[in-house]
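Only one structure is covered here, and it is reproduced in the block below.
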Amino acid sequence: MLSIIIADASLELVPKEVASLATIKSIARTRGKKPEEIVFDISHLLPLKSEILPDQEKRGRPDVVHRVLLAILDSPLKFYLPMKVYLHTYEGRIFEVDVATRLPRNYLRFIGLMEQLLSKGRVGPKDRPLIKEMDLDLAALMKNIPSKRKIALSEKGKLLDPLKLAKEILSEDNVVIVGGFPHGDFSKEVRRIIDEEFSLCKEVISASAAICMLFSYLFYALRWST
Ligand SMILES: C[S@@+](CC[C@H](N)C(=O)[O-])C[C@H]1O[C@@H](n2cnc3c(N)ncnc32)[C@H](O)[C@@H]1O
């Protein structure tokens with residue numbers, strides 16, 4: 001079983017520090033919602049002249065989460081390898097994503113779905129939700145996942161032959177952690193659970209590109225490599 005964690009994901013409802021700003025209020029009004037009921041998108045505040053939120057460079061990028069989720073759920077790897085997918089948000093909320101979820105490709109529809117998820121804690125049928133909130137923190141989630149190693153993907157990690165990395169990941173039940181944010185580093189909460197960090201190339205790449213690369217190596221290792 002491979003468990004994927006999209007960590008510190010840049011997905012949250014509008015934080016209280018910016019809920020009363022005119023631009024946010026106006027966007028919420030056009031959508032028929034209250035400011036705190038809409039997904040926070042930092043582009044709504046651009047151009048930003050100063051730091052108005054803690055960890056501002058990591059927040060308000062639901063497009064990063066959309067792309068990384070599509071990269072995971074679109075991959076044929078799920079047909080070859082049992083997989084669990086978890087979303088750990090900037091605020092520390094944890095959601096389990098059913099790999100059978102057909103995520104909206106349209107960004108605005110994705111945002112609508114995420115607003116439902118963040119306010120109700122689930123999407124999909126009540127008895128069999130496609131994405132549901134788990135009432136635990138990251139440390140407790142780790143105790144629930146039977147895994148040997150918690151491997152983070154990071155440009156600062158050890159660079160090794162990616163096919164070798166893929167085979168190591170497949171050799172036992174492991175957790176792979178990818179950052180669901182655009183800039184900055186993993187939070188302390190995430191750092192605490194990481195055993196090892198591996199890099200896929202010298203450059204900083206997007207989380208979706210990192211997942212696409214890793215999943216291609218895993219698929220190749222499973223399907224073609226002896
Ligand atoms: C845009 S990056 C965030 C950049 C951040 N400076 C960092 O520490 O990687 C989002 C995520 O993509 C993954 N990533 C970025 N570059 C990578 C690389 N060269 N190798 C493996 N994963 C990478 C990491 O999981 C990272 O948290």
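Residue numbers run from 1 in the order of the sequence given. In listed order, ligands and their atoms are each counted from 1.
When only non-hydrogen protein atoms are considered, atom 14 (N) of ligand 1 lies nearest to Ile205 O, 3.8 Å. Nearest protein neighbour of atom 6 (N) of ligand 1, counting heavy atoms only, is Gly184 O, 3.0 Å. Here the protein heavy atom with the shortest distance to atom 20 (N) of ligand 1 is Leu200 N, 2.9 Å. In this structure, atom 7 (C) of ligand 1 lies nearest to the protein heavy atom Glu155 OE1, 2.9 Å. Among all protein heavy atoms, the one lying closest to atom 11 (C) of ligand 1 is Gly179 O, 3.4 Å.
The hydrophobic cluster containing Tyr86, built from Ile/Leu/Val/Met/Phe/Trp/Tyr side-chain heavy atoms closer than 4.5 Å, also comprises Ile5, Ile94, Met134, Leu136, Leu138, Leu141, Met142, Ile145, Val175, Ile177, Phe181, Phe186, Val190, Ile193, Ile194.
Residues meeting the ring pair (Phe, Tyr, Trp, His ring centres under 6.0 Å) test with Phe110, sequence neighbours left out: His66.
With a 4.0 Å heavy-atom cut-off, ligand 1 is reached by no atom of Ala152. Heavy atoms of Phe186 found under 4.0 angstrom from ligand 1 belong exclusively to the side chain.
Nearest to atom 4 (C) of ligand 1 by heavy atom, out of Val204, Ile6, Leu165, Val178, is Val204. Of the candidates Ser199, Ser154, Gly180, it is Ser154 that places a heavy atom closest to atom 22 (N) of ligand 1.
No side-chain donor from either of Ser199 and Lys156 sits under 3.5 Å from a side-chain acceptor of the other. Between the side chains of Tyr90 and Asp55, a donor-acceptor pair is found at a separation under 3.5 Å.
Where the criterion is an N or O separation shorter than 3.5 Å, residue side chain and backbone included, Leu153 meets it with respect to ligand 1. The shortest N or O to N or O distance between Ile177 and ligand 1 is not below 3.5 Å. By the 3.5 Å distance cut-off applied to N or O atoms, Cys201 is counted among the residues near ligand 1.
Here is the list of ligand 1 atoms found below 4.0 Å of a heavy atom in Glu203: 16 (N), 18 (C), 19 (N).
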Salt bridge (Lys or Arg N to Asp or Glu O under 4.0 Å) assessment of Glu133 paired with Arg93: CA-CA 7 Å; Glu133 184 156 19; Arg93 295 174 72 178; 2.8 Å; yes
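Counting heavy atoms from C-beta on, the side chains of Pro54 and Glu17 come closer than 4.5 Å.
Evaluated for a side chain to side chain contact (heavy atoms under 4.5 Å, CB included) with Leu69, the options Ile6, Asp74, Val64, Thr101 yield exactly one hit, Ile6.
Considering all non-hydrogen atoms of both residues, Ala19 and Ile24 come closest at O-CG2, 4.2 Å. Pairing each heavy atom of Val39 with each of Leu13, the nearest pair is N-CD2, 4.1 Å.
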